[in-house]
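Just below is one structure, and these are the notes that go with it.
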Amino acid sequence: MSNAPRPTVYIETYGCQMNVADSELMYGTLAAQGYDAVESPDGADVILVNTCAIRDHAEQRVIGRLGELRRHMKADTIVGVTGCMAQRLGPRLLEKARHVSLVVGPDGYRALPQLLDGARNGERGIFTTFDLEEHYEDVTPRRTDPVKAWIPVQRGCDYRCTYCIVPHTRGPERSRKLDDVVREVRQVVETGTTEIVLLGQTVNSYNDGTHDFADLLRAVGAVDGVRRLRYTSPHPNDFTPRVIAAHAEVGAVCEHMHLPMQSGSTRVLKRMLRRYTREEFLACVATLRTVMPSLVLTTDIIVGFPGETDEDFEETVSAVVEAGFSDAFTFKFSPREGTPATRLPAEDTVPDDVAGERLQRLIQVVRAQSREQNLALLGTRTEVLIERLARDGELLMGRTRDWKTVLVPGDASLVNTYHMVELTGTTGSTFTGAFVKDERASRQPLPMAG
Ligand code: 5AD
Ligand code: SF4
């Protein structure tokens, strides 16, 4: 064995959970080649920035950060840009940032070790080819969260929402084999993790050629030790009766769902090519609530999409109320180069100040609704899984099955344990809680199928 020090790699992750999972895969790929992960860019031999391209703002942040990272580089540090922005900009990134020597899209992480070898010899490399077979099946991800495992089950997207860059950055949809997903779930459960989050761009359209999403939910829910099962993000049109039925059968499926609505106006939805009307979306919500009466729903909404009128926006506001969302990620429309929405007539552009006002109003409506719902929960008891120390270091942060954040007193030894907690206070969005003295409830049987 050589005594040469092992090279170190630092990865900084932006964007969605799929990127978080991809960073774990990149660390895994590089660990297999002898790299050690480090938690800071200072002095790292390799710095990778795993990027998001969903809105211009996300890209500007990365550009700013790439400039800053220069200060952390040693003379021989290799800097690479990976993920959606790398895929989107390709060679343009190398022109923009002279200190970047690698640009690798979401299907190219297998090539990282070779590209890094090349970079050490002064080469600048780009890998942005899509690979419809790529699921990184043979890579063991380096997981850092002991509580929750984020498991990609599908990559890419076949919808063509007119605002969205993802089909360009992540390529066509493909699903992992059900057996491979189940094998990975068994592995993470063996390490003590009991919460599984299945990831995909439109995760409920999962289909591996033999099995659909209903089969997947049943198979993952049946793995011994899986106590909480979540998935993100579904598309309303992919809730087939089979998939809906599986929710009633699989006890581990949690009572929270993040279901992107984007707009509450049928006219705008049509221009977004979302493929559902306001009524169809609300009907989907009603069906889901029938199978899961205590379902908590959160969503994504875009305001200021080209052509959105005041009336359209009011439809969005009223749909937030009708659907009963408990929270929402709200965004101002950001035109993405090459997407169909950029070809809508210029006169349809919503002025920035109008979009800004709509965003503020929507945020207020969502906050008020969330506050009202949360106040009504004070005094109730619920199961909390402790995730980590809270930011102030004095309290613990945990989550309910329906994705509420609860702060409770305690120390780090309680991380990754389940407890019954009484909700004692709320800021409107998060809760404080107290352990219920009679902890028999925390030894309650695992949720059963059926
Ligand atoms: N502008 C603003 N928001 C967008 N999203 C996707 N594309 C855009 C865009 N061009 C939002 C959608 C999506 C979330 C991840 O980001 O709401 O659900
Ligand atoms: Fe994730 Fe979409 Fe951002 Fe890519 S563009 S990192 S898929 S949110």
Side-chain angles (χ1 to χ4, degrees), residues 13-22 50-62 83-85 87-89 106 150 152 154-170 173 197 199-205 231-238 257-265 268-269 271-276 278 281 284-285 297-308 312-313 315-317 319-320 323 325 327-344 348-352 354-356 358-360 362-363 366:
T13 308
Y14 293 83
C16 63
Q17 286 307 326
M18 190 63 91
N19 264 12
V20 175
D22 278 355
N50 194 11
T51 61
C52 173
I54 198 99
R55 283 170 293 276
D56 185 54
H57 176 72
E59 293 202 353
Q60 294 311 323
R61 265 182 76 201
V62 167
C84 290
M85 197 175 155
Q87 185 71 36
R88 189 179 92 73
L89 293 173
W150 304 89
Q154 179 196 57
R155 304 180 77 86
C157 183
D158 278 350
Y159 280 88
R160 287 285 175 275
C161 303
T162 54
Y163 51 80
C164 192
I165 194 72
V166 170
H168 300 251
T169 62
R170 289 198 168 265
E173 178 184 316
V197 191
L199 295 178
Q201 246 65 48
T202 53
V203 66
N204 52 337
S205 69
Y231 56 86
T232 194
S233 290
H235 189 288
N237 290 14
D238 293 307
M257 190 184 294
H258 185 74
L259 183 63
M261 175 175 80
Q262 313 299 4
S263 168
S265 152
V268 174
L269 288 166
R271 291 164 68 100
M272 289 178 161
L273 197 61
R274 283 296 287 175
R275 305 167 203 242
Y276 52 80
R278 171 196 175 91
F281 183 88
C284 174
V285 166
L297 277 175
T298 54
T299 196
D300 289 342
I301 298 168
I302 299 174
V303 300
F305 186 78
E308 183 189 68
D312 292 322
F313 174 67
E315 298 244 301
T316 295
V317 171
V320 165
F325 293 124
D327 207 346
F329 294 117
T330 49
F331 311 103
K332 243 197 260 179
F333 169 68
S334 169
R336 309 309 289 132
E337 187 189 3
T339 57
T342 58
R343 296 191 288 275
L344 289 167
D348 284 357
T349 303
V350 175
D352 194 57
V354 174
R358 288 180 189 163
L359 189 67
Q360 288 315 313
L362 185 59
I363 290 171
V366 169

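For the numbers below, each heavy atom of this structure counts, side chains included, while hydrogens, waters and symmetry mates do not. Indexing begins at 1, ligand by ligand and atom by atom, following the structure's order. Just so it is clear, the structure is predicted and the values come from calculations on it, not from any experiment.
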Quiz item: Counting from 1, what ligand 1 atoms have a heavy atom of I54 closer than 4.0 Å?
Solution: 5 (N), 6 (C), 7 (N), 8 (C), 9 (C), 10 (N), 16 (O)

Self-check item: Which of the ligand 1 atoms, numbered from 1, are nearer than 4.0 Å to a heavy atom of F333
Solution: 1 (N), 2 (C)

Quiz prompt | Side-chain (N50) to main-chain (D22) donor-acceptor, under 3.5 angstrom | solution = no

Quiz item: Which atoms of ligand 1 are found less than 4.0 Å from any heavy atom of Q262?
Solution: 12 (C), 13 (C), 17 (O), 18 (O)

Quiz item: Which one holds for K332 and ligand 1: side chain close, backbone close, both close, or neither close, with close meaning a heavy atom under 4.0 Å?
Solution: backbone

Quiz prompt | salt bridge (charged side-chain N to carboxylate O under 4.0 Å, His left out) partner of E308, the single match among R271, K332, R358 | solution = R358

Quiz item: Checking T299 side chain against L259 main chain: does a donor-acceptor pair fall under 3.5 Å?
Solution: yes

Self-check item: Exam field: side chain R336 to backbone A53, donor-acceptor pair closer than 3.5 Å
Solution: yes

Exercise. Would you mind telling me if ligand 1 is within reach of the side chain of F331, the backbone, both or neither, using heavy atoms under 4.0 Å?
Key: side chain

Quiz prompt | Check: Q262 side chain, L269 main-chain N or O, donor-acceptor pair, under 3.5 Å | solution = no

Quiz item: If you measure every N/O of Y163 against every N/O of ligand 1, is any gap under 3.5 Å?
Solution: yes

Quiz item: Judged by atom type as modelled, is there a donor-acceptor pair below 3.5 Å linking the side chain of Y276 to the main-chain atoms of M261?
Solution: yes

Exercise. Give the numbers and elements of all ligand 1 atoms closer than 4.0 Å to a heavy atom of S334.
Key: 1 (N), 2 (C), 9 (C), 10 (N)

